[in-house]
Amino acid sequence: MPPPPTAALSSSSSLCLFPFSSYSSPKKTQLGFCPSFPFTRLTNVTPTRRLMTCSAVSIEKETLISHRPHSFLRETDGLDDGSVRSRFQRMIMEVQDSVCGALETVDGAGKFKEDSWTRPGGGGGISRVLQDGDVFEKAGVNISVVYGVMPPEAYRAAKANVTDQKPGPVPFFAAGISSVLHPKNPFAPTLHFNYRYFETDAPKDAPGAPRQWWFGGGTDLTPSYIFEEDVKHFHSIQKKACDKFDPSFYPRFKKWCDDYFYIKHRDERRGLGGIFFDDLNDNDQEMLLSFATECANSVVPAYVPIVEKRKNTPFTESHKAWQQLRRGRYIEFNLVYDRGTTFGLKTGGRIESILVSLPLTARWEYDHKPEEGSEEWKLLDACMNPKEWI
């Protein structure tokens, strides 16, 4: 059974770009962060700057815009200056375009609706949702760039040897892409992925203090039925991406994924895993930027061939009912254990944005138990007892 969760800092969540990591690295104190204000909507916005403060984290409210900008970075950061901030933003924009293009091609009929927004002091995002397509019941692919202020305790958590600094607010920058894809066919799996970059500036009362940074993310597969060749294909793509940088990454991040997506009250995992990592800064920054980029670019080849293969597979009402039951498990994890989602619900975020990761339909049955040895039982067994697929 996984260990209890560690403390984490939050703002809010939607389709959670910065999900809380419940399982921290043994080398450092965990600081998970989840700005979801990206997907909150503000109506009747006044020209004055307005801040929302949750758990002592301050982030400006956003305003919808009619056209997506070239960059959400502040001019002081440079719009395209070769910095990690700039290159990560460019990467998530390109991945959003490539993933949405691939999904529209697979679907054949559905098109993504796009909302773009900015904040007065810099930052913003693009939310894209495809709903009721021929293949996808619901698919969300969102990006966000956030500037905000965190309390000094968070800065000290990120940098354990900072003991002589006076209390003071710590400016931060965060950017990420996040997606959840729910196909209609019960033999086509759900997919979730997100990749993010977080960086603090020096505290305002300690301008010489070092800047802190880290990467997080992952890609995980949630099928209703197991096709072993599909699961092996998916995990092999994750391993290939990891092995390009460090052969220890895949086994380390696969276990982290299995542990993170754990539904405690069911004693089972949400799905069949993948990779998950957070608070990653113990390697060269350029190497980790390339690693996050490789993982994000691996989403399409890992997932699209599976959906192409399964999207037209004939199914029965009982197959659909089982998919709906597994969707119920997906919802349970997101609403009960995903801390970014629960925090967003408690802090008055825009409900449509907070719940955009949830499927259109789901099902619960009292005391449902699949017949031992059935295909449904095999899926449940794999969720209760994580396996090595490759």
Side-chain angles (χ1 to χ4, degrees), residues 1-2 19 22-23 136-137 139 178-194 217-243 249-277 295 298-311 313 315 319-320 322-334 337-338 357-359 362 368 370 372-390:
M1 183 173 292
S22 296
Y23 306 96
F136 291 100
E137 179 181 285
S178 184
S179 176
V180 178
L181 314 175
H182 294 292
K184 289 183 173 180
N185 194 301
F187 295 116
T190 287
L191 184 85
H192 160 259
F193 74 89
N194 74 79
T219 305
D220 61 281
L221 195 70
T222 305
S224 299
Y225 289 91
I226 297 177
F227 293 92
E228 194 159 322
E229 66 268 30
D230 294 351
V231 184
K232 287 183 176 181
H233 166 78
F234 174 79
H235 277 271
S236 68
I237 297 295
Q238 308 311 308
K239 185 177 186 300
K240 181 179 178 181
C242 290
D243 286 353
F249 277 2
Y250 174 74
R252 174 184 167 193
F253 299 154
K254 180 199 179 291
K255 184 180 186 307
W256 205 340
C257 185
D258 289 337
D259 289 343
Y260 180 72
F261 293 104
Y262 175 68
I263 308 172
K264 184 178 181 180
H265 64 270
R266 299 285 190 180
D267 191 24
E268 63 189 66
R269 275 73 186 169
R270 189 176 73 178
L272 300 185
I275 59 171
F276 179 89
F277 58 90
C295 290
S298 296
V299 168
V300 170
Y303 182 63
V304 167
I306 298 174
V307 178
E308 287 280 17
K309 189 187 304 183
R310 306 300 172 191
K311 66 181 183 179
T313 303
F315 60 87
H319 293 137
K320 190 66 179 179
W322 175 247
Q323 179 198 47
Q324 300 299 291
L325 288 169
R326 295 312 302 173
R327 293 259 180 91
R329 296 293 203 268
Y330 202 96
I331 291 170
E332 288 176 29
F333 177 85
N334 281 26
Y337 297 109
D338 185 273
S357 66
L358 302 184
H368 182 275
E372 185 169 350
S374 67
E375 295 303 311
E376 293 80 5
W377 180 89
K378 291 176 183 177
L379 183 281
L380 183 58
D381 180 66
C383 290
M384 299 179 72
N385 302 288
K387 300 179 179 180
E388 298 300 324
W389 296 99
I390 55 175

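These values consider heavy atoms only, across backbone and side chains, with no hydrogens, waters or symmetry-generated copies.
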Does Asn185 reach the main-chain N or O of Lys311 with its side chain, forming a donor-acceptor pair under 3.5 Å?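 Checked: pair present.
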
Ignoring hydrogens and geometry, is there a side-chain-to-backbone donor-acceptor pair from His233 to Pro301 under 3.5 Å?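 Confirmed, His233 side chain pairs with Pro301 backbone.
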
Classify the ring geometry of Trp256 against Phe276: parallel below 30°, tilted from 30° to 60°, perpendicular beyond 60°.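 Answer is perpendicular, since the angle exceeds 60°.
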
Can you tell me if Lys239 has over 12 outside heavy atoms packed within less than 6.0 Å of its NZ?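 No, the 6.0 Å shell around NZ holds no more than 12 heavy atoms from other groups.
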
Is the number of heavy atoms from other residues, nucleotides or ligands under 6.0 Å of Lys240 NZ greater than 12?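 Incorrect, the count does not exceed 12.
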
Residues Glu375 and Lys378 bridged, charged N to O under 4.0 Å: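 Judged by the 4.0 Å cut-off on N to carboxylate O distance, Glu375 and Lys378 do form a salt bridge.
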
Does Arg327 pair with Glu137 as a salt bridge, N-O distance under 4.0 Å?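 Yes, Arg327 and Glu137 are salt-bridged.
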
About how many Å separate [atom2] of [Y] and [atom1] of [X], when rounded to the nearest 0.5 Å?
X      : Y      : atom1 : atom2 : value
Leu191 : Asp220 : CG    : CG    : 7.0 Å
Lys264 : Glu332 : NZ    : CD    : 15.0 Å
Phe315 : Arg310 : CZ    : CZ    : 14.5 Å
Ser298 : Ile275 : OG    : CD1   : 8.0 Å

Do the side chains of [Y] and [X] get nearer than 4.5 Å, heavy atoms only?
X      : Y      : value
Phe227 : Ile306 : no
Phe234 : Thr219 : yes
Ser179 : Asn194 : no
Trp322 : Tyr225 : yes
Phe333 : Tyr260 : yes

Have a look at Leu272 and tell me which of Asp258, Ile226, Thr222, Asp230 forms a side chain to side chain contact (heavy atoms under 4.5 Å, CB included) with it.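 Going through Asp258, Ile226, Thr222, Asp230 one by one, the side chain to side chain contact (heavy atoms under 4.5 Å, CB included) with Leu272 is satisfied by Ile226 alone.
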
Name the one of His265, Arg266, Arg270 that satisfies side chain to side chain contact (heavy atoms under 4.5 Å, CB included) with Glu268?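 Of the listed options, the one satisfying the test is Arg266.
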
Evaluate ring pair (Phe, Tyr, Trp, His ring centres under 6.0 Å) for Tyr330 paired with His182, printing each intermediate quantity in order. CA-CA 11 Å; Tyr330 202 96; His182 294 292; 5.2 Å; yes

Decide whether Asp381 and Asn385 meet the rule of one side-chain donor and one side-chain acceptor closer than 3.5 Å.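 There is such a pair (donor and acceptor under 3.5 Å, judged by atom type) between the side chains of Asp381 and Asn385.
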
